[in-house]
Amino acid sequence: MAGGKMKKEKLARGGGAGSHFQGGIPFHKSKGQHILKNPMLVDSIVQKSGIKSTDIILEIGPGTGNLTKKLLEAGKMVIAVELDSRMVLELQRRFQGTPHSHKLKVIEGDVLKCDLPYFDICVANIPYQISSPLTFKLLAHRPAFRCAVIMYQREFAMRLVAQPGDNLYCRLSVNTQLLARVSHLLKVGKNNFRPPPKVDSSVVRIEPRKPLPPVSFKEWDGLVRICFNRKNKTLGSIFRQKSVLTLLEKNYKTVQALQLPLNDASGNTDIDMDVSKMVDGDEDLGTEMGDDRDDDMEMEDGDAVAEGSEFKEKILNVLRQGDFEDKRSSKLTQQEFLYLLSLFNKAGIHFS
C-alpha cells in the first residue's frame with residue numbers, strides 16, 4: 001500500500017516515465033501542453049491585461065483552468081477554446097457548481113479552424129506551434145478586439161516586437177506591426193510551467209490599429225516577402241534578381257492587359273490575406289527551435305538579369321526615385337515600406 005501511495009504521489013508531481021500530470025491528466029508536450037503552475041505569474045498576467053468587469057474574454061488552450069479561474073474572477077465572461085476533450089471535461093468539472101460556472105463557455109475544437117465569437121480581449125498561454133497563424137487569425141478577426149495578451153516562445157515574441165536594425169527584425173515583425181501595436185510585457189522562465197518547455201517564454205501585448213493603414217495587405221505582404229528574402233542585402237541587389245523580375249513583370253503585364261487603374265492596390269483595408277502565408281515557416285518558432293535564415297525563396301546571387309532590360313530599368317528607376325536602391329530591408333521602417341509600395345504601385349508594378 002505504501003509503495004502504491006508513493007507511486008501515485010510521484011506521478012502527481014510529474015515523475016515516472018517522463019509523464020506530467022495535473023488533476024490526474026497527463027500532458028502531451030507534442031500538443032504544446034505546458035500548464036502555468038506559478039500562481040504569482042498568473043496573477044501578474046491578469047493584472048497586466050487590464051481586464052474590465054464588462055469584458056468578454058477569449059482564452060485559447062485553457063488546459064486545466066489555472067488562468068481561467070482568474071479570468072472568470074476579473075471579467076464578465078470567458079470563452080475558452082480547447083482542442084483536447086480531456087481538458088474540456090476537466091474544465092467543466094472544475095468550475096461546475098462554483099459562483100463562476102455561468103460565466104464560462106467552453107468551445108471544443110481547433111482554434112485555427114473554428115469561427116471565433118465576439119470578444120473584447122484575448123488572454124492566453126497558447127500552444128507555441130500555432131503562434132504565427134493564430135496571431136494573424138486574431139488580427140483578421142472582426143469586429144476588432146481591444147487587445148490580446150499572449151504567452152509566446154521568447155524568440156518568437158522578440159521577433160514580434162523587433163524594431164528596424166534589430167537582429168530579429170523580420171517579415172513577421174513588419175507584418176504584425178502594420179496591423180497592431182505590440183509591446184513586450186514580461187519574460188517567463190521555463191520552470192514556471194509543468195512540464196517545462198525547452199525554451200523561455202515572453203508575454204506580449206497586441207493592440208489592433210484603428211483605423212488600419214489604407215493599403216492592400218496582399219500587396220503589402222508580397223512586397224515584404226521579396227524584401228526579406230535577403231534582408232541584409234540592398235534593395236537594388238534584391239530587385240535585380242531574375243526570379244524577382246520575372247514575377248513582377250508577369251504581374252505588370254497582367255495589370256496592363258486588364259487595364260486596371262495604377263492605384264488599384266490602395267484603399268483596401270480588409271484583411272483578406274491567407275493568415276497561414278503571412279509569415280515564413282522559419283519565423284514560426286513554435287517547435288522550440290530557432291532558425292536564423294532570412295529567406296524561403298531560392299534566390300541566388302548569380303541569378304541576375306543582364307543589364308539593359310527595359311523592365312529591370314523600370315524597377316530600378318522606382319528604387320532610385322525613393323532613394324531605396326542602397327537601403328536594406330533590415331533597417332526600413334513601416335513608413336518607408338509604405339512609401340516604397342506606393343511608388344511601385346504608381347508605376348503600375350504590383351505584388352499580388
Side-chain angles (χ1 to χ4, degrees), residues 112-113 115-116 131-144 159-160 169-182 206 208-231 235 238-239 241 243-284 294-299 311 314-315 318-319 322 324 329 332-352:
L112 297 180
K113 296 177 181 178
D115 293 330
L116 297 178
S131 296
S132 299
L134 176 61
T135 299
F136 289 102
K137 175 165 184 169
L138 290 175
L139 289 173
H141 183 73
R142 292 295 176 269
R159 289 186 182 217
L160 283 178
Y169 188 63
C170 59
R171 181 175 162 221
L172 173 64
S173 319
V174 175
N175 278 340
T176 306
Q177 293 170 31
L178 179 78
L179 304 173
R181 295 177 181 85
V182 291
I206 300 173
R209 293 189 186 276
K210 301 173 186 178
L212 290 169
V215 62
S216 161
F217 292 98
K218 287 183 178 179
E219 283 275 323
W220 169 270
D221 187 50
L223 169 65
V224 172
R225 180 188 290 269
I226 289 173
C227 289
F228 277 95
N229 276 322
R230 288 288 188 270
K231 71 175 184 179
L235 293 179
I238 291 171
F239 281 92
Q241 300 302 316
S243 54
V244 174
L245 289 169
T246 300
L247 172 66
L248 295 183
E249 187 168 17
K250 181 180 178 181
N251 289 349
Y252 179 75
K253 289 179 178 178
T254 300
V255 170
Q256 295 300 308
L258 296 175
Q259 296 183 329
L260 295 176
L262 294 184
N263 64 348
D264 177 66
S266 63
N268 176 14
T269 58
D270 290 331
I271 310 178
D272 55 356
M273 70 279 191
D274 180 348
V275 295
S276 66
K277 298 178 181 178
M278 282 297 288
V279 294
D280 297 327
D282 60 300
E283 288 173 355
D284 185 353
D294 295 330
D295 59 290
D296 68 348
M297 183 191 297
E298 294 298 324
M299 204 165 67
F311 184 74
K314 186 177 183 70
I315 292 286
V318 171
L319 296 178
F324 284 107
S329 307
L332 291 187
T333 65
Q334 292 281 325
Q335 290 303 315
E336 287 175 313
F337 277 116
L338 285 167
Y339 179 45
L340 178 58
L341 179 59
S342 70
L343 291 178
F344 275 123
N345 286 169
K346 288 176 182 176
I349 297 165
H350 295 272
F351 295 86
S352 64

Mind checking the [atom1]-[atom2] spacing from [X] to [Y]? Nearest 0.5 Å is all I need.
X      : Y      : atom1 : atom2 : result
Glu336 : Leu341 : CD    : CG    : 13.5 Å
Asn229 : Arg171 : CG    : CZ    : 8.5 Å
Lys218 : His350 : NZ    : NE2   : 14.0 Å
Ile349 : Lys314 : CD1   : NZ    : 5.5 Å
Asn175 : Arg225 : CG    : CZ    : 9.0 Å
Asn345 : Phe351 : CG    : CZ    : 7.5 Å

Decide yes or no for [X] and [Y]: does some side-chain heavy atom of the first lie under 4.5 Å from some side-chain heavy atom of the second?
X      : Y      : value
Glu249 : Ile315 : no
Gln335 : Leu338 : yes
Leu248 : Ile226 : yes

Smallest separation among heavy atoms of [X] and [Y], with atom names:
X      : Y      : result
Leu116 : His141 : O-CE1, 3.1 Å
Ile206 : Pro208 : O-CD, 3.8 Å
Leu332 : Tyr169 : O-OH, 2.7 Å
Ala144 : Lys210 : CB-CE, 3.8 Å
Ile238 : Cys227 : CD1-O, 3.3 Å

| request: Show your working on side chain to side chain contact (heavy atoms under 4.5 Å, CB included) between Thr333 and Tyr339 and close with a plain yes or no. | output: CA-CA 10 Å; Thr333 65; Tyr339 179 45; over 6 Å; no

| said: Angle between ring planes, Trp220 versus Phe337, binned at 30° and 60°: parallel, tilted or perpendicular? | reply: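 Judged by the thresholds at 30° and 60°, the geometry between Trp220 and Phe337 is perpendicular.
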
| field | Residues that Ser342 engages under side-chain hydrogen bond (donor to acceptor under 3.5 Å, both in side chains), provided they are two or more places apart | value | none

| Pairing residues for Ser329 by the side-chain hydrogen bond (donor to acceptor under 3.5 Å, both in side chains) criterion, not counting sequence neighbours |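 Scan of Ser329 (side-chain hydrogen bond (donor to acceptor under 3.5 Å, both in side chains), adjacent residues dropped) gives none.
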
| said: Test of understanding: with side-chain contact (heavy atoms from CB on, under 4.5 Å), list the residues that count as partners of Gln177, not counting sequence neighbours. | reply: Gln163, Ser173, Val182, Gln334

| Reference residue Leu139; test side chain to side chain contact (heavy atoms under 4.5 Å, CB included); the match among Leu179, Leu212, Leu134, Leu178 |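 It is Leu179, the one option of Leu179, Leu212, Leu134, Leu178 that forms the side chain to side chain contact (heavy atoms under 4.5 Å, CB included) with Leu139.
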
| field | N/O donor-acceptor pair under 3.5 Å between Tyr252 side chain and Ala347 backbone | value |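 Absent.
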
| message | Can you confirm if the aromatic rings of Phe239 and Phe344 lie within a centre distance of less than 6.0 Å? | response |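 When the ring centroids of Phe344 and Phe239 are compared, they turn out to be within the sub-6.0 Å range.
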
